[in-house]
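On a predicted model such as this, the values are computed, not experimentally measured, just so you know. Every chain is numbered from 1 and lettered A, B, ... according to where its sequence line falls, protein lines coming before strand lines.
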2 protein chains.
Amino acid sequence: MQVRVKSVRALARGLDVFKALHNHRSASLQDLHDETGLAKPTLLRILKTLEEGGVARRSSRDGRYRVSASVRFFGQNLGVEDAIAEQAAPVLDRLCRDMLWPSDIAVYKDGAMEILESSRHQTPFMVNRDRIGFRVHMLMSAMGRAHLAFSPAAERRAILTRLSRSGDPYDHAARNPSAVLADLANDRTRGYAVRETGYGRWGIAERSQADAIAVPVLQGRRVLACLSLAWAAGATTRTEMVARHLSRLQDAAAEIAGRIAAPDQ
Amino acid sequence: MQVRVKSVRALARGLDVFKALHNHRSASLQDLHDETGLAKPTLLRILKTLEEGGVARRSSRDGRYRVSASVRFFGQNLGVEDAIAEQAAPVLDRLCRDMLWPSDIAVYKDGAMEILESSRHQTPFMVNRDRIGFRVHMLMSAMGRAHLAFSPAAERRAILTRLSRSGDPYDHAARNPSAVLADLANDRTRGYAVRETGYGRWGIAERSQADAIAVPVLQGRRVLACLSLAWAAGATTRTEMVARHLSRLQDAAAEIAGRIAAPDQ
DNA sequence: CACCGGAGTTTCACCTGGTGTAACACTGCA
DNA sequence: TGCAGTGTTACACCAGGTGAAACTCCGGTG
């Protein structure tokens, strides 16, 4: 947690100028001077630098500044997951401050849940070393079951079919669909899903059991991601955790869904 | 022409870091240190600033840095014309240094040619104040005729139909399509189009006639833009200009087309 | 034609603010 | 327990960023 790191004023100003430029389709030196309040010589130097960096250009037709077309490619690499992770991160942080226990957010991908962001780092309790590719099983983890439980029936069926063909023993429960579907229906009516007992251990020593619940982040009828809350089974009961934190978790899921639909800042 | 303006090192470094970040999907401080050669404390400050500026973020999961999803929106405002103008600008500049006389580049839009970029500013001869919205007539200007002559027949017909309904007297020639089509066929076989005699005046005093030729910037069969070369009719003959500069103009058009297809830098 | 005002550019001296070394803290790994 | 690698903090130096002021260039106006 960097706290006392200072920021670089010259760079911050440069970004400001770039953003000002981005708001207008084109801007004269005067426009930028009025908007940013920076002295013109300063602007001249900043704009020169932005030009050399290939993010702005000065039209030789009218001498006005514009953002370069090359910035179109910025952020082209990153997928939906990145946007989800980014919007979720601050919500997870706040959640962890309130609940103390850590949360994860994950999306379904290729037969498993892929963890995108986590507040495990900042819980006062411990660190769960879940970093084996950050993928957890659909039928064992709370998040996987939440995804299945709250997805439209067609998608649920497709995933279960896929799992039943999987070579991974943790996925084999899918070969008995009726039992699984009954459990999932149960999760759905309760409004949250639970981790399969015994899946996942807690802490380095791996002594204590981990327990977790998860809720979906919904976009329309689709499950965009799943949000979990984990704790050490020895420390408190599931009933207690649900009573204390479920609504908070659901609110957070709704907030994340909202942020993704209309990101601010 | 700013010559002695210094650039801002701190900003240039910040942009470098951002680009480095953009190349990788995610990067640790060490990665960035290796790639940019900047001292780690310096990077820490730069990254802090980029974060505050909303263009980078640090995942709390793994502590690695990524570009923020918000940069996806950068450059979303600008259209194809901006990209064309940007790629053409340096080519026009070079062209003007070689030929001394000025060039324009324009695209067809809503019944007229819209000038995107120009090297009139830097020709030693004069300044043509063509800035009335930077739009010139299709049938009178060399660029308008080049667009028509080299476009697929269907588009040519559609534009002529539109012009024939125009209220602007300069467009009325379109009401006699057979004559216009013959002229355009002529332009096409010659490889360049010419300005209608008497259209456009030269310089502030508006004494001397302007003359111009234009060639298309082709993308497949479509005319993406048109590139013109203008001169004062009294100073030299059209034959002379064609002999000296036509191939140069065509090469430039091809170069611009290439740049637009695969922009470098 | 002289004058004026506004935009852009250059110069320059001040001194802030950016910089990197060095020392420190943390975390796995052997 | 020590070691290596990585991230973070402190600090003193002085390069380099800054803006006031002066200047140029242009177009408009009386």
Side-chain angles (χ1 to χ4, degrees), chain A residues 1-17 24 26-53 56 58-65 120-122 124 126-132 203-206, chain B residues 1-17 21 26-53 56 58-65 120-122 124 126-132 203-206:
Chain A
M1 266 278 125
Q2 59 207 35
V3 174
R4 304 193 184 176
V5 190
K6 289 203 285 188
S7 57
V8 182
R9 189 180 59 149
L11 175 51
R13 289 176 161 202
L15 291 177
D16 286 345
V17 172
H24 308 43
S26 73
S28 66
L29 192 65
Q30 185 67 26
D31 293 340
L32 294 170
H33 172 65
D34 295 341
E35 181 149 344
T36 63
L38 296 174
K40 288 182 184 176
T42 302
L43 283 170
L44 235 31
R45 285 185 295 261
I46 290 174
L47 289 163
K48 172 100 179 300
T49 314
L50 292 176
E51 268 187 296
E52 287 173 355
R58 182 171 202 185
S59 166
S60 56
R61 185 186 71 208
D62 51 12
R64 294 171 70 84
Y65 295 90
R120 281 160 199 270
H121 67 109
Q122 60 170 346
M126 46 31 62
V127 163
N128 187 345
R129 40 180 67 191
D130 240 3
R131 18 214 207 91
I132 334 104
I204 297 183
E206 305 206 355
Chain B
M1 269 276 124
Q2 61 207 35
V3 173
R4 304 192 184 177
V5 190
K6 290 204 284 188
S7 57
V8 182
R9 189 178 60 147
L11 175 52
R13 288 176 163 202
L15 291 176
D16 286 346
V17 172
L21 211 53
S26 74
S28 66
L29 192 65
Q30 185 66 26
D31 293 340
L32 294 171
H33 172 65
D34 295 340
E35 181 150 344
T36 64
L38 296 173
K40 287 181 185 176
T42 303
L43 282 170
L44 234 30
R45 286 184 296 259
I46 290 174
L47 289 164
K48 173 100 179 301
T49 314
L50 292 176
E51 268 187 296
E52 288 173 355
R58 181 170 202 185
S59 165
S60 56
R61 186 187 71 208
D62 52 11
R64 295 171 68 85
Y65 296 90
R120 281 161 198 267
H121 66 110
Q122 60 168 347
M126 47 30 63
V127 163
N128 186 345
R129 41 182 63 191
D130 240 2
R131 23 218 204 87
I132 334 103
I204 298 182
E206 304 207 353

Fill in: Which residues share a side chain to side chain donor-acceptor pair (under 3.5 Å) with T36(A), sequence neighbours left out
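In terms of side chain to side chain donor-acceptor pair (under 3.5 Å), with neighbours along the sequence ignored, T36(A) is linked to no residue.
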
Fill in: All side chain to side chain donor-acceptor pair (under 3.5 Å) counterparts of R13(A), not counting sequence neighbours
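Scan of R13(A) (side chain to side chain donor-acceptor pair (under 3.5 Å), adjacent residues dropped) gives none.
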
Worksheet item: Quick one, which residues of residues 26-35 of chain B touch DNA chain C with a heavy atom under 4.0 Å?
Response: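 Residues of residues 26-35 of chain B under 4.0 Å from DNA chain C: none.
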
Worksheet item: Where along nucleotides 11-21 of chain C does protein come under 4.0 Å, by heavy atom, of base (B) or sugar-phosphate alone (S), with - for untouched nucleotides?
Response: S-----SSBBB

In whole angstrom, what separates [X]'s [atom1] from [N]'s [atom2]?
{"X": "D16(A)", "N": "dT18(D)", "atom1": "CG", "atom2": "C1'", "result": "16 Å"}
{"X": "Y65(A)", "N": "dA7(C)", "atom1": "OH", "atom2": "C1'", "result": "12 Å"}
{"X": "E51(B)", "N": "dG7(D)", "atom1": "CD", "atom2": "P", "result": "14 Å"}
{"X": "K48(A)", "N": "dT9(C)", "atom1": "NZ", "atom2": "P", "result": "12 Å"}
{"X": "D62(B)", "N": "dG7(D)", "atom1": "CG", "atom2": "P", "result": "11 Å"}
{"X": "L47(B)", "N": "dT6(D)", "atom1": "CG", "atom2": "P", "result": "16 Å"}

Mind checking the [atom1]-[atom2] spacing from [X] to [Y]? Nearest 0.5 Å is all I need.
{"X": "I46(A)", "Y": "Y65(A)", "atom1": "CD1", "atom2": "OH", "answer": "11.0 Å"}
{"X": "D62(A)", "Y": "S28(A)", "atom1": "CG", "atom2": "OG", "answer": "9.5 Å"}
{"X": "L43(A)", "Y": "L38(A)", "atom1": "CG", "atom2": "CG", "answer": "5.0 Å"}
{"X": "L32(B)", "Y": "L47(B)", "atom1": "CG", "atom2": "CG", "answer": "6.0 Å"}

Worksheet item: Do the side-chain N or O atoms of R58(B) get closer than 4.0 angstrom to the phosphate oxygens (OP1, OP2) of dT8(D)?
Response: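 For dT8(D), OP1 or OP2 has a side-chain N or O of R58(B) closer than 4.0 Å.
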
Item to complete: Taking the side chain as every heavy atom from C-beta outward, state whether S59(A) and R64(A) have any pair of such atoms under 4.5 Å apart.
Response: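 Not touching, per the 4.5 Å side-chain cut-off.
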
Worksheet item: Is the shortest heavy-atom distance from the side chain of L15(B) to the side chain of L50(A) under 4.5 Å?
Response: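 Of all side-chain heavy-atom pairs linking L50(A) with L15(B), at least one is under 4.5 Å.
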
Discussion item. Let's go through L11(A) and V17(B) carefully: what are the C-alpha distance in whole Å and the side-chain angles of both, what is the deciding distance for side-chain contact (heavy atoms from CB on, under 4.5 Å) to 0.1 Å, and is it a yes or a no?
Written reply: CA-CA 11 Å; L11(A) 175 51; V17(B) 172; over 6 Å; no

Discussion item. What's the angle between the local helix axes at either end of the helix from dC1(C)-dG30(D) to dA30(C)-dT1(D), using five pairs per end and rounding to 10 degrees?
Written reply: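 The end axes of the helix from dC1(C)-dG30(D) to dA30(C)-dT1(D) are about 20° apart, to the nearest 10°.
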
Worksheet entry | Derivation of the side-chain contact (heavy atoms from CB on, under 4.5 Å) call for H33(A) and Q30(A) | CA-CA 5 Å; H33(A) 172 65; Q30(A) 185 67 26; 4.1 Å; yes

Discussion item. According to salt bridge (Lys or Arg N to Asp or Glu O under 4.0 Å), who are the partners of D34(A), at least two apart in sequence or on a separate chain?
Written reply: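 Once residues adjacent in sequence are excluded, D34(A) has no partner under the salt bridge (Lys or Arg N to Asp or Glu O under 4.0 Å) criterion.
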
